[in-house]
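Worksheet: the structure to be examined is printed underneath.
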Amino acid sequence: MKKFTFAVIALAILAMPSCKNTQKTESEEGGDPALTSVATIDEKALEADVATLIESAKRIKPVPFVKAQKDGTLALSEKEKMVKPTYLLNPSVTNELATLYQKYRAVGMLTADKNIAEMYELPVTDYNEAIMKLLTDINDPALINFYTLPSIDIESDRDAYALFVDQEYDEGRANFFWDGIAAAMIEQIFILTRDVDKFMPMFTDELASDITFNFVCVHDGLSKMVKYYPEMESLNKILEPLYVINATSVDELKAQLLQVKSDVENARDFLLK
């Protein structure tokens, strides 16, 4: 059983009513059978939750910025490259981050922004240095191994991503994993809303459905995690307006992105505060 499962089961058991005041004969016989039954049911429910969340996490797919650049789907003209994006995070934002949650979020956000910077032929040295600084501060071996893979490998090698998910759960970092995944997703969607017409050509109806699935997974993940990590409730709440995304086609996704544009901005502003 994974370390995270042990941790959340322990939390659930500690939260159960104490049986210290039960009669001595009951204690000698091994305690209240009803409490034992509840513990068994809760343990099985928690195991099921963890297993479901791990499998859902493994199916989350990144917005295909890298793939689109590689196959030419998102090629910019020289004239377009001259108009540099002004919405990307400044890598120096890492100097202002204090909590692990903020740092996990920033890794995903800066990685997404770095991909766009490369597309516009902007220098990315500062992004690389900022990301490596965060990885060093966080000191999460699984995250370091995953983020030091070439970005195109992350797109194509789902086994590497699946291993990353397993390792995060094994090390008891599931809360940071889901928080970071949510932040990366918000940043990717934020980028899309900056110029919907430019980015839509990278999508097929299948990829549009993937975005919907990502939101379903993150919503389920955060909703379950807040039971054990109440500090994650604020992130889940700021994302609520975005859970309306249910696109199954490119046209639906485009319309829904425009609909939630201001909500995406609010969520993005929240992430590093």
Side-chain angles (χ1 to χ4, degrees), residues 60-69 73-74 76 80-81 83-94 96-97 101-120 122 124 126-127 130-131 134 147 151 154-155 177-203 207-219 221-222 232 234-247 250 252-273:
I60 291 175
K61 297 180 180 179
V63 175
F65 292 128
V66 176
K67 181 179 178 182
Q69 293 175 65
T73 305
L74 194 58
L76 298 180
E80 287 177 314
K81 291 177 183 177
V83 183
K84 306 301 183 185
T86 59
Y87 51 79
L88 302 180
L89 289 172
N90 189 320
S92 65
V93 72
T94 57
E96 304 168 8
L97 307 181
Y101 280 112
Q102 290 174 326
K103 292 177 181 181
Y104 271 87
R105 293 171 185 175
V107 169
M109 296 171 75
L110 289 173
T111 300
D113 286 5
K114 173 190 166 184
N115 289 334
I116 301 303
E118 289 176 333
M119 185 175 68
Y120 280 91
L122 290 167
V124 295
D126 288 348
Y127 283 98
I131 292 169
L134 288 170
Y147 269 92
S151 55
I154 296 173
E155 284 281 340
F177 167 81
W178 281 104
D179 209 275
I181 284 291
M185 182 182 71
I186 293 170
E187 186 69 6
Q188 292 167 348
I189 296 299
F190 172 80
I191 291 168
L192 292 179
T193 62
R194 297 308 89 189
D195 195 336
V196 174
D197 291 331
K198 184 186 298 296
F199 290 116
M200 279 299 99
M202 81 170 71
F203 283 91
L207 289 175
S209 296
D210 287 342
I211 295 296
T212 294
F213 180 78
N214 286 354
F215 274 99
V216 171
C217 288
V218 168
H219 187 192
L222 293 182
M232 298 180 72
S234 56
L235 175 62
N236 190 39
K237 190 169 184 62
I238 200 72
L239 286 181
E240 282 182 357
L242 308 185
Y243 294 144
V244 300
I245 293 178
N246 61 356
V250 174
E252 288 178 353
L253 179 61
K254 179 178 179 180
Q256 290 174 13
L257 288 176
L258 293 173
Q259 175 187 340
V260 300
K261 184 176 181 179
S262 61
D263 296 313
V264 174
E265 291 173 357
N266 291 338
R268 197 235 197 181
D269 287 344
F270 164 87
L271 289 174
L272 299 182
K273 289 183 179 178

Where [X] and [Y] come nearest, the two heavy atoms and their spacing:
{"X": "L88", "Y": "R268", "result": "C-NH2, 4.0 Å"}
{"X": "A208", "Y": "F203", "result": "N-CD2, 4.0 Å"}
{"X": "V83", "Y": "Y120", "result": "O-CE2, 3.4 Å"}
{"X": "P91", "Y": "D126", "result": "CB-O, 3.5 Å"}
{"X": "K103", "Y": "L97", "result": "CE-O, 3.7 Å"}
{"X": "R105", "Y": "L271", "result": "NH1-O, 2.7 Å"}

Roughly how far, to the nearest 0.5 Å, is the [atom2] atom of [Y] from the [atom1] atom of [X]?
{"X": "L239", "Y": "N236", "atom1": "CG", "atom2": "CG", "value": "6.5 Å"}
{"X": "I245", "Y": "F215", "atom1": "CD1", "atom2": "CZ", "value": "3.5 Å"}
{"X": "I131", "Y": "Y147", "atom1": "CD1", "atom2": "OH", "value": "8.0 Å"}

Tell me which pairs pass side-chain hydrogen bond (donor to acceptor under 3.5 Å, both in side chains) where either residue lies in residues 257-267, with sequence neighbours left out.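 Pairs touching residues 257-267 that pass the test: R194-E265.
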For a 4.5 angstrom cut-off between non-hydrogen side-chain atoms, does [X] reach [Y]?
{"X": "Q188", "Y": "F199", "result": "no"}
{"X": "E118", "Y": "N115", "result": "yes"}
{"X": "Y101", "Y": "L235", "result": "no"}
{"X": "I238", "Y": "F270", "result": "yes"}
{"X": "I211", "Y": "L253", "result": "yes"}
{"X": "M109", "Y": "V93", "result": "no"}
{"X": "L89", "Y": "F190", "result": "no"}
{"X": "P85", "Y": "D195", "result": "no"}

Which residues satisfy the side-chain contact (heavy atoms from CB on, under 4.5 Å) test with S209, sequence neighbours excluded?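 side-chain contact (heavy atoms from CB on, under 4.5 Å) check on S209 returns T248.
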side-chain contact (heavy atoms from CB on, under 4.5 Å) with S92: which residues, sequence neighbours excluded?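 In terms of side-chain contact (heavy atoms from CB on, under 4.5 Å), with neighbours along the sequence ignored, S92 is linked to N90, N95.
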The test is side-chain contact (heavy atoms from CB on, under 4.5 Å); show your working for I116 and L122 and say whether it passes. CA-CA 9 Å; I116 301 303; L122 290 167; over 6 Å; no
Determine the interplanar angle of the Y243 and H219 rings, folded into 0 to 90°, and report it as parallel if under 30°, tilted if 30 to 60°, perpendicular if over 60°.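 Parallel.
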Is there a donor-acceptor pair closer than 3.5 Å between any side-chain N or O of T193 and the backbone N or O of L257?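 No, because the side chain of T193 does not come within donor-acceptor range (under 3.5 Å) of the backbone of L257.
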Quick one, L134 with L110, criterion side-chain contact (heavy atoms from CB on, under 4.5 Å). Give me CA distance, side-chain angles, the key distance, then yes/no. CA-CA 10 Å; L134 288 170; L110 289 173; 3.9 Å; yes
Just checking K237: does its NZ atom have more than 12 heavy atoms from other residues, nucleotides or ligands closer to it than 6.0 angstrom?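 Not buried by this count: 12 neighbours or fewer within 6.0 Å.
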What do the steps show when you test E252 against N246 for side chain to side chain donor-acceptor pair (under 3.5 Å), and what is the final call? CA-CA 8 Å; E252 288 178 353; N246 61 356; over 6 Å; no
